[in-house]
Amino acid sequence: MAIRNLRYEGDEILKKKSREVEIIDEKIQTLIDDMIETMHKYNGVGLAAVQVGILKRIVVIDLYDDKGPIVLINPVMIKTKGEQEVEEGCLSFPNQFAKIKRPAEVVAEYTDRKGNRVRVKAKELLAQAISHELDHLEGELFIDKIIPGTLEYIEQENEN
Ligand code: NI
């Protein structure tokens with residue numbers, strides 16, 4: 001496993017649309033392992049492949065609960081419901097946080113790393129993370145959706 005280089009604000013790749021994964025081969029499994037390691041290194045809750053420079057529809061999410069990291073390949077948003085106003089950041093925008101409106105509940109479908117198509121129903125932080133990460137696959141960034149005037153710069157200690 002290896003830490004991959006993150007792509008940051010201003011990198012044009014972040015605005016590109018990611019492509020479907022056709023075969024979950026060894027290269028994809030390695031990418032997934034690296035994405036999880038990279039997300040953990042930077043204390044992130046989620047990471048999309050485009051953020052490490054790979055335009056593939058792969059997302060990893062970890063809420064640091066007993067579920068462990070979730071891997072979503074070719075995820076599709078099936079349904080969104082309601083609205084929650086939340087504080088949000090992104091590993092591609094270090095130290096920047098803002099308020100944003102996300103769906104209160106989402107239903108998404110994705111392929112897991114074993115190749116099973118699964119459906120997840122989520123609320124609160126998981127709904128927010130799924131919404132944020134699926135946006136990345138379309139080249140959409142949270143910074144373009146924030147509630148005006150709520151952007152803050154907060155330096156964070158990184159113990160890693
Ligand atoms: Ni992000």
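Just so you know, ligand 1 is whichever comes first in the structure, and atom 1 is the first atom listed for that ligand. By convention here, the first residue in the shown sequence is residue 1.
With hydrogens and angles disregarded, no donor-acceptor distance shorter than 3.5 Å links the side chain of Asn116 to the backbone of Val118.
Atom CE of Met39 and atom CD1 of Ile61 lie 8.5 Å apart (nearest 0.5 Å).
Nearby protein atoms of type N, O or S around the Ni ion (ligand 1) amount to 3 (distance under 2.8 Å).
Residue Lys145 is tested with Glu138, Glu85, Glu140 for a salt bridge (charged side-chain N to carboxylate O under 4.0 Å, His left out); the sole match is Glu140.
A salt bridge is absent between Lys123 and Glu105; no separation between the charged side-chain nitrogens and carboxylate oxygens falls under 4.0 Å.
The closest side-chain donor-acceptor pair between Gln128 and Glu88 falls under 3.5 angstrom.
Nearest heavy-atom pair across Ile28 and Ile23 is CG1-O, 3.6 Å.
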